[in-house]
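To start, the structure under review is shown below, and the notes come after it.
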Amino acid sequence: MSDLETTTRYDPADVEPRIARKWLESGLFHPPAEGTPDENYSLAIPPPNVTGVLHMGHALNNSIQDCMARYQRMRGRRTKWILGTDHAGIATQTQVERALAAEGTDRTELGREPFVQRVWEWRQQYGGTIIEQLKRLGASADYAEERFTLDDAYAEAVLRVFVALHEKGYIYRDRYMVNWDPGSGSAISDLEVEPREVTDTLYYIDYPLASGSGAITVATVRPETMLADTAIAVHPEDERYRRLIGEKAVLPLVGRRLKIIADEYVKPEFGTGALKITPAHDLNDFEIGRRHGLAQPQVIGEDGRITAQAPERFVGLTVDEAQRAVVAELESEGLLARTQSLTHTVPFSHRSGRRIEPLISLQWFMRMDELAAPAIDAVTSGRVRFHPPNHAKVYRDWMENIRPWCISRQLWWGHRLPVWYRGAETHVGTTAPRGEGWTRDPDVLDTWFSSALWPFATLGWPLQTPQLRAFYPTDALVTGRDIIFLWVARMIMMGLEFTGTEPFSDVHITAIIQAPDGRRMSKSLGTGIDPVDLIEGGPRPPVFAARAGGPGEFPAYGADAVRWGLLAMSSGQDVRFSEDKVAQGRQLTNKLWNAARLILLGVDDDARAAVAPTEPEDRWILHRLARAQGIVAQRIEAFDFSHAALALYDFVYGELCDWYLELVKPRLRAGDPGLAPTLLHVLTETVALAHPLMPFETEEIYSHIPGADGLLAARVTPAADPAE
RNA sequence: GGGCGGUUAGCUCAGCUGGUCAGAGCGCCUGCCUUACAAGCAGGAGGUCACUGGUUCGAUCCCAGUACCGCCCACCA
């Protein structure tokens, strides 16, 4: 127990671990599954990667969620903050594969079962870090019911959803153009692709006309794909080529005859106005090919090497080798008219960073438009509200143009597809089919497929569990705008489809915290910081040193200061990290600590008379307190956490300490008997007001207040009168 | 190529669809260490509110355009 008399500065390192233990032992964060979703309050954490560590985005996001959870709990609502982690297919598998590589082996050498076993062990070893960090932050989540997206019950829910959507015809298997990620050796979805600007060489290649008179020149940045060309397209109105439409050209190096076709997609002003068509290796070409009934020879395989459909001398080459070989041959045949450099954006894998290889592949897809319609309506009707509201427009624009989702992944870590094959037969079901000779599809589902079920699968769905009845639908979702499509939209769609209701009613999109120089926070750029280093003290990277007294170490600001600082700086959509704000938060904790000392050391322990303000300043501070309570409550409910934090600061600093406590000091020294009850009342209500934002210190102070029993976190304050 | 946000004090940011709205914190300057907190207290200096037009009795705020900065979406070889 810290000593108020001698501790003149708030010491988070002394207080926080002790308070955290108290909370966990109390069971307060694990509410009984009683009551109805209307009277209860619940929210589901965006599940962090199971092997991840806390970063600044998590710290802000969870400070906000905890602020809401504690606020609602103190309003008397049974509050459940659903906690858990995500198996994060590609990310986790990649980590383990890297470890295997360091041991000089790889997953194929290990085999599927042992590899998956190895990932589970990895999770066992590193999986608890982020949960411990959440406790460190003071997050009042339900640690007693921690979920994982690969739990048995959760997996059952995933398979049921897959089967149901398959029965409805939404999920199907098709040979279609996909984003092939050579890094992970898997198809990935459109949303996992990021465009990057690159400078390529644009090759102008002469394709001799079959008639023998002249050639038609095409421009391409991927000459190696010409081995799979099946046509040349020109714009139907292009005078230069009109007479050639329907003619044939000869594909160099291969000898195949290519029909010259007309298609409005072709832009006459780009390159030569003539476009080589490679249906198997370019999405546009794929669609043009479908329109014109072209064949789809595939010369690049999933292994990134040239296939047997190309002339023999190229087979087995990598894409890069093939490009060099093709260009060299074209040059020696005098068919390379010229080259030019071209800067354009091309897709890269968000995960592996490798350039996407578009190719036709047999994958599982999910049609989204039927599911999207009600999910659009949920937002336009206001049953789901975005905060700030302008995100609703982005959501709607994307949903209205939604495309099929490639949901199969050629990985081992994840939910394996509930699909079995035997010859030409396919069985889709939650259990294996009877009979001999069936083999299960080796692929797993996109991680986001299982994440989409998060708000209800964590509560036991498809079983009608007490948890589900008590806490679903949830109230709010707090997340970043980068996963509005990947996650938020899909949760709304799945929630509506499988539970008949929106999984939450409010979506708060948090600010994105940038480094002080405006770049994004990232470990690899050296612009990231570990929130735990702010809480407990730790290295301060150079970018953060500009005005904070040079590099070196962060002081141990404590969790409350970090939380308050993050909330206070999180107003706009992008915000630069400000150590000053965290320091301001620490000032506030210190101020509050000393105000508590002044009051608690100055009044008699048994001064518990009813509050009866005797002097004008007493009535004034009670009025200002009520006003502050109203403002803070209103700001929290409006998802305006920075103003909630600042309003708290203004009250504690500007009104309680600078004015009221200074004014009553003489009365305190004189032992004015009418003063003590007012002081204790104001202190109690002030720590209660501050608790959702600064839980540790306020809980500690509360434990010293005479007559205060139980936990502050469990103390119920009636709603302030908004008219006050 | 579309869309969204931003530009206010040296720094990081507030400013309710127009009238004591020109603010806060930090930093800086000047005073205060017997008296809860020097990680404190009191006071002070600092801004053509990006630019150009428009609406209005009146614009940081509303409208149009320009310039930068950031982000999202998009199949131009």
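Since the model is a prediction, treat every value here as computed from it, not as a measurement. So you know, we letter chains A, B, ... as the sequences are listed, proteins then strands, and number each from 1.
G43(B) and A50(B): their P atoms are spaced 30 Å apart (whole Å). Separation of the C1' atoms belonging to C51(B) and G44(B) is 33 Å when rounded to the nearest angstrom. C29(B) and A9(B) have their C1' atoms separated by 15 Å, given to the nearest Å. A24(B) and G47(B): their C1' atoms are spaced 14 Å apart (whole Å). Separating the P atom of G10(B) from that of A45(B) is a span of 15 Å, rounded to the nearest Å. Using atom P as the reference point in both U35(B) and C41(B), the two lie 14 Å apart (nearest Å). With P as the reference atom, U56(B) and C69(B) are 35 Å apart, rounded to whole Å. With P as the reference atom, C63(B) and G5(B) are 11 Å apart, rounded to whole Å.
Remark: S642(A) OG to K581(A) NZ distance equals 9.0 Å, nearest 0.5 Å. With rounding to the nearest 0.5 angstrom, the CG atom of L258(A) is 7.0 Å from the OH atom of Y207(A). Note: I232(A) CD1 to D263(A) CG = 14.0 Å, rounded to the nearest 0.5 Å.
Here the side chain of K393(A) is nearest to one of A42(B), G3(B), A36(B), namely G3(B). Residue R9(A) has its side chain nearest to A39(B) when only A39(B), C37(B), C41(B) are considered. Comparing C41(B), C37(B), A39(B) by their nearest atom to the side chain of R586(A) picks out A39(B).
Under the ring pair (Phe, Tyr, Trp, His ring centres under 6.0 Å) criterion, Y10(A) pairs with W593(A), sequence neighbours left out. Scored by the ring pair (Phe, Tyr, Trp, His ring centres under 6.0 Å) test, Y204(A) finds no partners at all (sequence neighbours excluded). Judged as a ring pair (Phe, Tyr, Trp, His ring centres under 6.0 Å), and not counting sequence neighbours, the contacts of Y176(A) are F286(A), F365(A).
For L661(A) and G40(B), the CG to P distance is 16 Å, given to the nearest whole Å. Protein atom CD1 of I509(A) is 14 Å distant from nucleotide atom C1' of G5(B), rounded to whole Å. Residue Y10(A) contributes atom OH, which lies 14 Å from atom C1' of A39(B) at whole-angstrom precision. The distance between atom CG of N594(A) and atom P of A36(B), rounded to the nearest whole Å, is 10 Å. Per the geometry, CH2 belonging to W564(A) stands 17 Å off P belonging to U12(B), to the nearest Å. The distance from atom OH of Y660(A) to atom P of A36(B) is 16 Å, rounded to the nearest whole Å. Whole-Å rounding puts the L656(A) CG to C37(B) P distance at 16 Å. A straight line from CG of L566(A) to P of C13(B) spans 14 Å, rounded to a whole angstrom.
Both tests hold for R490(A) against W405(A): distance to the six-membered ring centre under 6.0 Å, angle to the ring axis within 45°.
When all heavy atoms are compared, the tightest approach of A280(A) to Q296(A) is CB-O, 3.8 Å. Residue L60(A) comes nearest to L567(A) through the heavy atom pair CD1-N, 4.4 Å, listed as atom of the first residue, atom of the second, then distance.
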| field | Secondary structure string for RNA chain B (Watson-Crick or G-U under 3.5 angstrom, | for other-strand pairs) | value | (((((((..((((.....[...)))).(((((.......))))).....(((((..]....))))))))))))....
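Glycosidic conformation of G46(B): syn, with the torsion inside 90° of 0. Anti is the classification of C51(B), since its glycosidic angle lies more than 90° from 0.
Aromatic ring pairs are classed by plane angle as parallel below 30°, tilted from 30° to 60° and perpendicular above 60°; the pair F641(A) and F639(A) is perpendicular.
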| Reading nucleotides 24-32 of chain B 5' to 3', which nucleotides get B (base under 4.0 Å from a protein heavy atom), which S (sugar-phosphate only), which -? | -SS------
| remark: For nucleotides 69-77 of chain B, 5' to 3', base contacts (B), sugar-phosphate-only contacts (S) and non-contacts (-) with protein non-hydrogen atoms under 4.0 Å give -BS-S-BBB
| request: Assess whether side-chain hydrogen bond (donor to acceptor under 3.5 Å, both in side chains) is satisfied between Y649(A) and Q587(A), documenting all intermediate values. | output: CA-CA 10 Å; Y649(A) 182 94; Q587(A) 299 283 64; over 6 Å; no
| request: Would you please test D320(A) and R324(A) for salt bridge (charged side-chain N to carboxylate O under 4.0 Å, His left out) and show each step? | output: CA-CA 6 Å; D320(A) 289 344; R324(A) 283 193 289 276; 5.5 Å; no
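We find that R403(A) and D190(A) are joined by a salt bridge, their nearest charged nitrogen and carboxylate oxygen being less than 4.0 Å apart.
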